[in-house]
Amino acid sequence: MNVISSPKAAQQPITSEIQTRHNWQQDEILALFDMPLMDLVFDAQRIHRIYHDPNKVQLSQLISIKTGGCAEDCAYCAQASSHKEGTGLSATKLMEVERVVTAARKAKEGGASRYCMGAGWTSPKDRDMDQLVAMVEGVKELGMETCMTLGMLSDHQTAMLKDAGLDYYNHNVDTSEEYYSKIISTRTYQDRLDTLARVRGAGINVCSGGIVGMGEERTDRAGMLKTLANLPAHPESVPINMLVAVPGTPLENVEALDPFEFVRTIAVARIMMPKAEVRLSAGRQSMSEELQALCFMAGASSIFYGEQLLTTPNPENNEDLKLFKKLGLTAV
Ligand code: SAM
Ligand code: DTB
Ligand code: SF4
């Protein structure tokens, strides 16, 4: 399907054609993926401009507040204890509040507007909740947006985070429902959807996306976007991660995804979820400046900023700022 790229359509205002839809069919999504790249990126960019400033990029910075020793077996992840032998990552305790807030202050001084605190957990323990609440409160006091990603949440834990003022909760569906069991055996796709519903129900903004380049097919990338776009409300943030192939994980030797397929995934996400912040997420360390520019052209409106993701490196701030200057982009 060609959304708006016929020569005639290109002359017309497109706002009337762009609705927030929740009834995407797999064949329509695959038809978007199949479009000539120039048409697809053009359509995505036109939609992008309705809801976003094309020359602004939002900066989110990550911190790993509790690393490693995770009981889940996600095949991509350095933190799963089942691959500990291979990745050599040692587990840490939950970080002290003061250290987290100090690091957030530094991130803010560096230009980040959202601070994302991630833990290598299946779910938080109730005994950790007071410390997590204090982190949210401390980071909010700095005037930053707060995000956490802690695994599955109970109703009570969700309510505590909401009361603390948490702005976003990140919980990725990661891939299609069909491919999910090839990547993770310790939980189900439905477990992910249940936590997302809980977070949405509590009034916390939803950040949910996934990973591409895990050996999945295009149908799985389309299926992942279908799940996200057909949720009762679109996630406010959609991180699209390119797999960081961590040595010692089961996916360490997976064949790299064609970069243009990554761009297509960003563009299709933008078209399907027009208002969302689509984040060019993990994997930028191995992307050229040109590829990143193409991702912005395809509708990416946000990045993870700062020299570290959770356990793996990310471009240095000055490299990103240099690229922004070359492209005339402003960080927000
Ligand atoms: N443990 C919690 C969970 O799984 O929801 C929160 C932290 S977990 C590391 C957050 C997300 O990071 C995962 O859902 C996955 O999408 C992403 N991620 C982890 N390892 C990655 C890798 N090697 N490459 C790309 N993305 C990765
Ligand atoms: C997301 O979608 N990507 C971030 C964040 N949400 C938590 C994590 C990326 C992790 C990349 C691998 C690592 O550093 O361990
Ligand atoms: Fe644990 Fe999250 Fe890593 Fe899975 S992605 S192993 S749940 S830290």
Side-chain angles (χ1 to χ4, degrees), residues 60-84 86-89 91-92 94 114-124 128 132 147-153 168-175 179-180 183-189 191-196 198-199 206-216 224 228 235 237-252 254 256-257 262 265 269 276-287 300 302-315:
S60 288
Q61 189 146 340
L62 282 163
I63 183 169
S64 181
I65 57 172
K66 196 271 162 205
T67 308
C70 185
E72 305 282 311
D73 68 353
C74 312
Y76 49 78
C77 186
Q79 303 195 61
S81 55
S82 48
H83 342 126
K84 193 176 77 192
T87 64
L89 191 81
T92 65
L94 181 59
R114 190 181 302 173
Y115 204 54
C116 305
M117 296 161 264
W121 281 330
T122 300
S123 49
D128 294 322
L132 296 168
C147 179
M148 278 187 158
T149 180
L150 313 168
M152 289 179 265
L153 296 179
Y168 291 82
Y169 195 76
N170 167 245
H171 201 66
N172 291 340
V173 299
D174 278 335
T175 186
Y179 200 63
Y180 200 75
I183 298 296
I184 299 153
S185 77
T186 45
R187 59 172 187 248
T188 66
Y189 211 61
D191 291 332
R192 290 314 256 187
L193 298 176
D194 290 348
T195 292
L196 287 174
R198 202 163 274 140
V199 167
V206 169
C207 172
S208 189
I211 311 177
V212 298
M214 298 195 293
E216 78 284 346
M224 172 180 88
L228 295 168
S237 295
V238 179
I240 305 291
N241 297 275
M242 177 78 108
L243 175 75
V244 178
V246 178
T249 61
L251 298 183
E252 70 173 316
V254 79
L257 186 73
F262 185 77
T265 309
E277 206 79 89
V278 173
R279 184 169 306 120
L280 166 55
S281 301
R284 288 198 304 113
Q285 180 76 338
S286 53
M287 289 181 195
S302 166
I303 58 167
F304 281 124
Y305 182 65
E307 61 192 27
Q308 179 87 356
L309 293 167
L310 291 174
T311 68
T312 65
N314 197 40

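For ligands, and for the atoms within them, numbers begin at 1 and follow the listed sequence. These numbers come from the heavy atoms of this one structure, side chains and all, not from hydrogens, waters or symmetry mates.
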Within ligand 2, which atoms have a heavy atom of [X] less than 4.0 Å away?
{"X": "N172", "result": "1 (C), 2 (O)"}
{"X": "T149", "result": "7 (C)"}
{"X": "L62", "result": "4 (C), 5 (C), 7 (C)"}
{"X": "P239", "result": "2 (O)"}

If you measure from each non-hydrogen atom of [X] to ligand 1, which part falls under 4.0 Å: side chain, backbone, both or neither?
{"X": "T149", "answer": "both"}
{"X": "T122", "answer": "neither"}
{"X": "V244", "answer": "both"}

Ligand 3-proximal atoms of R187, by part, heavy-atom distance under 4.0 Å: side chain

Distance filter under 4.0 Å to C77 heavy atoms, resulting ligand 3 atoms: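 In order of numbering, the contacting atoms are 3 (Fe), 5 (S), 6 (S), 8 (S).
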
Any N170 heavy atom less than 4.0 Å from ligand 2: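 In this structure, N170 qualifies as a contact of ligand 2 - some heavy atom is under 4.0 Å.
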
Residues Y180 and R187: side-chain donor-acceptor under 3.5 angstrom: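 Result is yes, a qualifying pair exists.
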
Under 3.5 Å: N/O of S281 near N/O of ligand 2: no

Under 3.5 Å: N/O of T311 near N/O of ligand 2: yes

Numbering as shown, the atoms of ligand 1 that approach A119 to under 4.0 Å (heavy-atom distance): 1 (N), 2 (C), 6 (C), 7 (C)

Under 4.0 Å to a heavy atom of A282 - the qualifying atoms of ligand 1, by number: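 Within the 4.0 Å cut-off of A282, ligand 1 contributes 25 (C).
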
Per atom 4 (Fe) of ligand 3, closest listed option by heavy atom (A80, G68, A75, C74): C74

Options M117, M148, M152, R192, ranked by nearest heavy atom to atom 5 (O) of ligand 1, top entry: R192

Sub-4.0 Å protein heavy atom next to atom 1 (N) of ligand 1: yes

Ligand 1 N/O within reach of G120 N/O, cut-off under 3.5 Å: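 Min N/O separation from ligand 1 is not below 3.5 Å for G120.
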
Heavy-atom nearest neighbour in the protein, as seen from atom 8 (S) of ligand 1, with distance rounded to 0.1 Å: L310 CD1, 4.5 Å

